[in-house]
Asks: 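Quick one: structure below, then a few questions.
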Amino acid sequence: MRSLAFAWRSLVRQPARTALGIVGIAAVGALLFDMLLLSRGLVISFGDLLDRSGFDIRVMAADTMPLAGPRLDGAGALSDAIGALSEVEVAVPIRVGSAETTRSARAHETFTFVGAGVAQRRPWTIATGADLRVTSAQREPQLLVNRNLARLLHLSPGASLILRGSCGQEASAAPPVRFRVAGIAEFPFDTAEQATAATTLAGYARVCGDQASDTADLLLVASHRRSGPDAAVTAIRHLRPGLHVFTNEELVDRFERTDFSYFRQLSVVLASVTLFFGALLIAVLLTVSVNQRLGQIAALRAVGFSRRRVVADVLWESALLVCAGGLLALPLGLALSIWLDGILRAMPGIPAEVSFFVFERRALVLHAALLTFTAFGAAAYPMWLVARLPIAATLRDEVVS
């Protein structure tokens, strides 16, 4: 009988111990799989979100987080100069602040307020109604609202809304401005509960009372397909050496080394702990099984079974337990990751479209490799016991007992 078949029969003869081992490895494997998904999930999801926004380059005035540094001066001329580069398709200046509206004498609603240059490409997606159009100074400026703000204020395309801006450190002293809602839009970086409105840069300046200001918090740039983002970044840095220009890939790398490194470190620690306890569980079960069968193993050695053969039996038992538990761990881990992802995405400041747990083939391969290593590690001590088993003394003790 081959070692694999012999190990299988040993496991079948002890169903309770086998079931305990498989369930334990399934639980450990599910946690390990989730930690592997978490280690790079936020980076992958954030990079995908940046790419889906339609812009592959960010231009800022300082080497800080987007929207956290000083503003770009001369934003209009700067966006025109960058947009005229042969490597660039479009450059859109963006301003971000907050605004409030009054629904009654005592109720004020404050929400995120975005001003954007009206170009052929916009950093949002229209869900209902129409996109922004440039209007004359005498007409009501147009406004886009997201679904949360539309639900909160009962807005629909064509509705009017009076806004007062809060675009700097202090509230604006400018008089309130009446806007007409052109449509309902989806903003890629909105959180689940965030209320957001967007208008043109001119409308933003009217609300903030700084029509003479020509600044922007950042420029969103889309490179030409034939040149790519790297060539566009080089051209922008050559045009204005003092600017801080990042491709989406560079921005993701930066977040991975700073803000997102916490999740990678957490996943490494938790994965190491789960692997240790998984190996400990299998090692204890196999050691107990070997100790219960010392007489049987000594008898097999006495009738001609080689040391390598009985050691291989123990190794196959460990491999079968880990393989069965590892396969069961995959659906358990996926279900658990969906539940945990919902909890983590509810944290404040997290964009609704970002996921913490993202499946990738690399995680599956690493999961299988780590469980294989666990199977070998857990079987090391029981194999050592079997390999050093004294045949004559063990048989004599079995007869005497």
Side-chain angles (χ1 to χ4, degrees), residues 45-46 49-50 52-55 65-68 92-118 122-133 135 140-172 174-210 216-218 220 342-355:
S45 179
F46 188 71
L49 185 60
L50 285 176
R52 285 190 286 118
S53 67
F55 298 89
M65 295 287 291
L67 309 180
V92 179
I94 299 291
R95 294 187 64 178
V96 180
S98 60
E100 65 175 20
T101 185
T102 302
R103 290 192 301 172
S104 65
R106 295 181 179 179
H108 296 268
E109 297 293 345
T110 302
F111 48 87
T112 304
F113 190 47
V114 179
V118 180
R122 315 290 173 86
W124 53 71
T125 303
I126 298 298
T128 306
D131 208 339
L132 295 178
R133 290 187 295 108
T135 58
E140 291 180 351
Q142 294 184 335
L143 190 72
L144 294 175
V145 297
N146 70 353
R147 296 184 189 276
N148 291 334
L149 187 58
R151 189 181 309 112
L152 181 67
L153 300 180
H154 308 288
L155 298 173
S156 60
S160 294
L161 190 65
I162 299 176
L163 300 184
R164 179 182 290 109
S166 179
C167 311
Q169 298 296 327
E170 298 177 354
S172 172
V177 179
R178 180 181 294 274
F179 284 82
R180 187 180 65 81
V181 177
I184 297 174
E186 296 175 352
F187 299 87
F189 294 94
D190 276 355
T191 64
E193 304 295 331
Q194 182 176 342
T196 302
T199 185
T200 62
L201 283 178
Y204 187 97
R206 285 180 62 181
V207 171
C208 295
D210 58 354
D217 291 292
L218 79 162
L220 299 178
I343 295 176
L344 292 176
R345 290 172 66 183
M347 291 193 306
I350 301 299
E353 296 189 22
V354 164
S355 295

Asks: Are the side chain of T101 and the backbone of I162 linked by a donor-acceptor contact shorter than 3.5 Å?
Replies: yes
Asks: Angle class for the F113/F179 ring planes (parallel below 30°, perpendicular above 60°, tilted otherwise)?
Replies: perpendicular
Asks: I would like to know whether L49 and V354 meet side chain to side chain contact (heavy atoms under 4.5 Å, CB included); could you show each step before the answer?
Replies: CA-CA 7 Å; L49 185 60; V354 164; 3.6 Å; yes
Asks: Please name all residues satisfying side chain to side chain contact (heavy atoms under 4.5 Å, CB included) with A159, sequence neighbours left out, ordered by chain then number.
Replies: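 Applying side chain to side chain contact (heavy atoms under 4.5 Å, CB included) to A159 gives L155, V181.
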Asks: Taking the side chain as every heavy atom from C-beta outward, state whether I94 and L218 have any pair of such atoms under 4.5 Å apart.
Replies: yes
Asks: Considering non-hydrogen atoms only, spot the tightest contact between R178 and P141 and give its length.
Replies: O-CD, 3.4 Å
Asks: Say you draw a straight line from OG1 of T125 to CG of D131; how long is it, rounded to the nearest 0.5 Å?
Replies: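 Separation between the atoms: 9.5 Å.
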Asks: Which heavy atom of A182 sits nearest a heavy atom of P157, and at what distance?
Replies: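 Where A182 meets P157 most closely, the heavy atoms are O-CB, 3.8 Å.
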Asks: L220 and P123: which non-hydrogen atoms are nearest, and at how many Å?
Replies: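 So the two residues come closest at CD1-CB, 3.7 Å.
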Asks: Using every non-hydrogen atom in the two residues, find where P351 and P188 come nearest and quote the distance to one decimal.
Replies: CB-O, 4.3 Å
Asks: What's the shortest heavy-atom distance between A130 and I126, and which atoms?
Replies: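 Here A130 and I126 meet closest at O-CD1, 3.9 Å.
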Asks: Would you say the side chain of F189 lies within less than 4.5 Å of the side chain of W124, judging by non-hydrogen atoms?
Replies: no
Asks: Give, for atom OG1 of T199 and atom CG of L144, the distance between the pair rounded to the nearest 0.5 Å.
Replies: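 Here the rounded value is 8.0 Å.
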Asks: Judged by atom type as modelled, is there a donor-acceptor pair below 3.5 Å linking the side chain of N148 to the main-chain atoms of A192?
Replies: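 The answer is yes, because a donor-acceptor pair under 3.5 Å joins these two groups.
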Asks: Do V145 and F187 make a side-chain contact, defined as non-hydrogen atoms from C-beta onward lying under 4.5 Å apart?
Replies: no
Asks: Quick one: closest heavy-atom pair of G115 and Y204, and the distance?
Replies: N-CD1, 3.4 Å
Asks: Is there a side chain to side chain contact (heavy atoms under 4.5 Å, CB included) between R122 and L132? Walk through the geometry before answering.
Replies: CA-CA 9 Å; R122 315 290 173 86; L132 295 178; 4.0 Å; yes
Asks: Hey, could you give me each pair passing salt bridge (charged side-chain N to carboxylate O under 4.0 Å, His left out) that has a residue in residues 345-354? Not counting sequence neighbours.
Replies: R52-E353, D341-R345
Asks: Closer than 3.5 angstrom, by distance alone: can the side chain of T112 be matched with the main-chain N or O of S98 as a donor-acceptor pair?
Replies: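 Here the side-chain-to-backbone pair does not exist.
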Asks: Using only atom types and a distance under 3.5 Å, with no angle test, would you say the side chain of N146 pairs donor to acceptor with the backbone of Q194?
Replies: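 Answer holds: yes.
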Asks: Do L163 and L143 pass the side chain to side chain contact (heavy atoms under 4.5 Å, CB included) test, and can you show the C-alpha distance, the side-chain angles, and the key distance before you say yes or no?
Replies: CA-CA 10 Å; L163 300 184; L143 190 72; 4.1 Å; yes
Asks: Decide yes or no for T200 and Q142: does some side-chain heavy atom of the first lie under 4.5 Å from some side-chain heavy atom of the second?
Replies: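 No, too far: nothing below the 4.5 Å cut-off.
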